[in-house]
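All values derive from a computational prediction rather than experimental measurement. Every number for a ligand or one of its atoms is a count from 1 in the order of the listing. Numbering of residues begins at 1 and proceeds along the displayed sequence.
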Amino acid sequence: MGTPIYRSVVRYLKPGFFKRASNLLRLDDSAQDREERFRALVQNSFDIITIHDADGTTLYESPAASRILGYPAGALVGRTPFRSIHPKDDERARETFENLASGGDPVAIEFRYRHFDGSWIWLEVLGNNLLEHPGVGGIVLTSRDITERKHADEKTQYLENYDLLTGLPNRGLMLDRVNQAVAHAKRTRERLALMHIGVDRFKIINETLGHFVGDSLLKAAADRIKSCTDETNTIARVGGDEFTIIVPDAARLHTVSATASKILAEMSQAFPGTSQDVFVSASIGVSLFPDDSKSADELTKHADAAMYSAKKLGRNNYQFFTHALNEEAHERMVLEAGLRQAMQRDEMYLVYQPKIDLESRQVIGAEALLRWNHPKLGLVAPARFIPVAEESGMVSEIGEWVLRTACAQIRTCQGMDLFPQIAVNVSAHQFHQYDLSKLVSTVIREEQIAPESLEIEMTESAVMHDAESSVVTLERLKQLGVGIAIDDFGTGYSSLSYLKRLPLDILKIDRSFVRDISHDANDAAIVRAIITLARSLGMKVTAEGVEDEAQLQFLNAYGCEYAQGYLFGEPMACDDFTERLRPRKKRVAS
Ligand code: C2E
Ligand code: MG
Ligand code: MG
């Protein structure tokens, strides 16, 4: 009797059902009986049954629609359901429907639908394309209200992933996020930092002052940690008294140390207790991808280990996993603190390195180079402190001082009837962050010096970093009449098409190429190529770091115009430099 499927279904029905099921499926019913029976089934179904045309317009809704969705009976007919679907689910729902309408297999989908009272309810919808079915001629959707189940799921998911006390992600979710962050950092080749923070002496407080005080201290600690970091960073509570921060954009070690210092300062402030204030401190361990850890697993282990070494070193401090990074972070901290006072304490001064015209062999000017005499560290090289000044935002102030001091020196020379051209180095930050031409024009006017006696030097990478805006800044400088040089040429990546558009006067060949020109064929070829390139672009060339006669002869032979280097003079005090200018009392043609 019946098809194999029919037989297998009825086999599992209880004996009492067997007869009723056979009645239901009886083939000798009249068409009218069957229609009535199915209408009754649909009308009384707990689930919503709707029939749609291929565009989604509702042709029929069962009574459950009005009961579940709250709209007056029949309100859905003649409309498509899409506009009432949650914006986050809408696209997925449309795609699924279109796919079904164009002949796809039956599907199940879950989405949020707007109830008549404005709230969202979750529906689980099964769709079946019966457009070709002679008795139906539409797409049939059976929708079930699963809101309660969804909310229960969300709650379970929250409990699985978040810490109830602080509302922060817990260890499990944090490990997930570290994995994601490492994968992202691998793709983008960015540096990632993981900070592991332990609240010192928490256990003692919890045991002596009670759990209520302990809990409120942890909540307050979480808030303080949050206030010290970027909102986009993940902060997690990974243990009783331990927190972790994932810092995805950690290119600057300095920024990471600054955040750690801020957390230490915040955590050492008093926490209000029930009867008296409570004091704690924190110990922080930092690991870095890819510097000291190659995987998410290593990153977490190393941050943990670094935190324990911070605890061992007496608590209330932070430690990087790698010793070298600790030293670097420490040095930066010392330099930054020192830089803030260096200007007021007159610890900075300029030295001048003579620039020679190779044809006349005369000193025609100098490059002004910054020196810092630190009270404890002694003389600090600019390569060490300029990057710190850039990161801490102090480079503009220092740069302005350099410009003013150099221009004042030009004016002093002019008073002695000497007319050197002095080159001033400008850092990338100074160049891109504020209107350099405005400052230069003010200083030239105030010092009353000829604009051509000043040359502005920028490194190749600073100019090419944002070549389009460099064109504008350099044009403005050019209009003032100052000379413009590209420093360390050959070490960055110049776009030749931009090089052509930039109003440059001088290319300075980097010392690293000049060093070996007399015995390294590649360096010799590079130097020759730079001279040829400069010539074809109407620029002149200064060779940096010329130390011996062989280099000088080579440069002369290929028509290099100017040179600097120990062969002619090391950077020197301004009086010594003025002495070097004395034999030649003619104005320099720029
Ligand atoms: P730079 O502008 O390329 O300066 C040339 C560097 O090479 C100077 O180092 C100079 O002392 C050194 N030098 C010159 N001739 C020779 C030589 O024959 N042999 C060798 N071995 N070295 C030579 P310094 O003074 O340590 O400056 C390093 C860098 O710091 C400079 O490179 C420049 O980029 C930056 N700097 C210096 N002063 C300032 C400043 O006032 N502002 C800014 N933003 N950067 C500065
Ligand atoms: Mg320079
Ligand atoms: Mg240079």
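The Mg ion (ligand 2) lies under 2.8 Å from an N, O or S atom belonging to N425. Taking 2.8 Å as the threshold, E457 does not count as a candidate ligand of the Mg ion (ligand 3), since none of its N, O or S atoms lies below it.
Ligand 1 lies under 4.0 Å from heavy atoms of Q353, E367, L369, L370, R371, P382, I386, V402, N425, V426, S427, E457, D487, D488, R511, E544, G545, V546, E547, G565, Y566, P571.
The closest side-chain donor-acceptor pair between D466 and S469 falls under 3.5 angstrom. Looking at Q319 and S309, their side chains never bring a donor and an acceptor atom within 3.5 Å of each other. For S287 and D292, the side-chain atoms include no donor-acceptor pair closer than 3.5 Å. A donor-acceptor contact under 3.5 angstrom links the side chains of H196 and E242, judged on distance only.
Judged purely by atom type and a 3.5 angstrom limit, Q430 has no side-chain atom pairing as donor or acceptor with the backbone of S396. Looking at S293, its side chain never comes within 3.5 Å of a backbone N or O of F289 through a donor-acceptor pair.
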Go through L537 and K500 one step at a time and tell me if the side chain to side chain contact (heavy atoms under 4.5 Å, CB included) criterion holds. CA-CA 6 Å; L537 293 171; K500 207 171 65 184; 3.9 Å; yes

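Ion pairing of K262 with E266 is absent here, as no side-chain N (NZ or NE/NH1/NH2) approaches a carboxylate O to less than 4.0 Å.
The closest approach of D487 to the Mg ion (ligand 2), by N/O/S atoms, is made by OD2. Taking the Mg ion (ligand 2) as reference, E367 places its N/O/S atom OE2 nearest. When the Mg ion (ligand 3) is compared with the N/O/S atoms of E544, atom OE2 turns out nearest. When the Mg ion (ligand 3) is compared with the N/O/S atoms of D488, atom OD1 turns out nearest.
One finds the CG atom of L418 at 5.5 Å from the CG atom of L581 (value rounded to the nearest 0.5 Å).
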